[in-house]
J.: 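The following block contains the structure, expressed as structure tokens.
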Amino acid sequence: VKKGELVQLRPEARVEEMTDGGLVAACAAGDRTARALLFERHVDAIHRFVGRMRATDADALDDIVQGTFVRAFQSAGRFRGASARSWLYGIAANVVREHARKEIRRKRALSLVAEEPQHSASAGNALLLAKLPDAIASLSHDQRVVFVLVDLEGERGSDAAAALGIPEGTLWRRLHEARTTLRRALGGDS
Amino acid sequence: MACPAPARLAAAASGEDAFATAHAADCTRCATTIAEQRELVFAASGEDAITAAHAADLTQHAIGGHA
């Protein structure tokens, strides 16, 4: 080492080895590699979550997933949580809600009439599973998002509540209502 | 003892409220609610029919065990 030469005492962390928190911070600084990696790490989970929230319409699904990450990159500087995935779920839930509102306005404007899906009769659990997507779609947004996050995606209640910006008690109350509604829709008694 | 609020039974069905779970051990109505919710969650999350049937058995056990 020559005099006056800068010596790097600690090598920079490789972006592939960064924690989610570090990745989001790098995203906030505009690091394109970090953005690509954050997308790669979580796109499958977000895609599945959005799919469960919307049930159908593959084009809209892709738009919403992309919109979720675009918004995440724009707001990365405000990330304060511990779980990037929960944070992304929260953003995706908002994008789904906004997309649904736009869709309603668009359909009204075009006077489109949605065709009711047809289901063939089958027995037992298969029938329940076949009816489930429509039953989930019939829930209110607030009920659907907690059901998908906690019961289908397996998020802990505290994480899901933080992602949605609601008290944990509110989350569980909505989940109770969602499950009760679904049981009725699927032929349960409660 | 008063029964926990529905929100707490929902948390218990997700395994996140030990108090409500303990209460349900002595309360047929709460045990049934929790078991019914677990049955739905098992089925909805794509668990196989055996798991769902096991949840249904828990419901029957809760009802039968305290009736």
Side-chain angles (χ1 to χ4, degrees), chain A residues 48-49 51-53 55 122-139 142-162 166-190, chain B:
Chain A
R48 189 176 60 238
F49 168 71
R52 285 169 161 167
M53 286 292 289
S122 58
N125 207 42
L127 177 59
L128 184 146
L129 290 175
K131 290 164 69 177
L132 191 64
D134 282 348
I136 292 173
S138 72
L139 295 173
D142 285 345
Q143 290 180 1
R144 189 164 69 245
V145 72
V146 297
F147 181 77
V148 172
L149 271 182
V150 177
D151 286 348
L152 301 189
E153 295 297 333
E155 285 285 291
R156 286 190 60 80
S158 53
D159 292 339
I166 58 176
E168 197 173 338
T170 302
L171 175 121
W172 291 122
R173 179 176 52 75
R174 288 179 184 173
L175 189 58
H176 177 81
E177 293 165 356
R179 289 170 179 167
T180 302
T181 303
L182 285 175
R183 277 184 55 79
R184 287 198 187 113
L186 297 172
D189 295 328
S190 62
Chain B
M1 184 188 298
C3 290
R8 297 197 66 169
L9 296 179
S14 292
E16 296 194 35
D17 193 317
F19 173 81
T21 303
H23 167 86
D26 295 318
C27 175
T28 305
R29 193 170 62 172
C30 291
T32 303
T33 300
I34 291 172
E36 285 174 348
Q37 293 204 7
R38 282 183 180 158
E39 182 183 5
L40 172 72
V41 173
F42 282 136
S45 60
E47 299 282 349
D48 57 30
I50 294 172
T51 310
H54 177 64
D57 287 345
L58 291 177
T59 307
Q60 290 303 317
H61 176 75
I63 296 169
H66 295 272

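As the structure is a prediction and not an experimental result, all values here were calculated from the model.
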J.: At a 4.5 Å cut-off on heavy atoms, which part of Arg174(A) comes close to chain B: side chain, backbone, both, or neither?
T.: neither
J.: Supply the atom-to-atom distance Gln143(A) CD to His176(A) NE2, rounded to the nearest 0.5 angstrom.
T.: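 Between Gln143(A) CD and His176(A) NE2, I get 10.5 Å after rounding to 0.5 Å.
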J.: Keeping the roles fixed (side chain from Arg38(B), backbone from Ala12(B)), state whether a donor-acceptor pair exists under 3.5 Å.
T.: yes
J.: Would you mind checking which part of Glu168(A) comes under 4.5 Å of any heavy atom in chain B, side chain (CB onward), backbone (N, CA, C, O), both or neither?
T.: side chain
J.: Report the residues that fulfil side chain to side chain contact (heavy atoms under 4.5 Å, CB included) with Arg173(A), sequence neighbours left out, ordered by chain and then residue number.
T.: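 Here the qualifying residues are Thr170(A), Glu177(A), Ala7(B).
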J.: Quick one: which of Ala178(A), Ser158(A), Gly157(A), Gly169(A) has the most heavy-atom pairs under 4.5 Å with chain B, could you say?
T.: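 The option with the most such pairs is Gly157(A).
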J.: Within the distance-only criterion (no hydrogens, no angle test), does the side chain of Arg179(A) pair as donor or acceptor with the backbone N or O of Leu40(B) below 3.5 angstrom?
T.: no
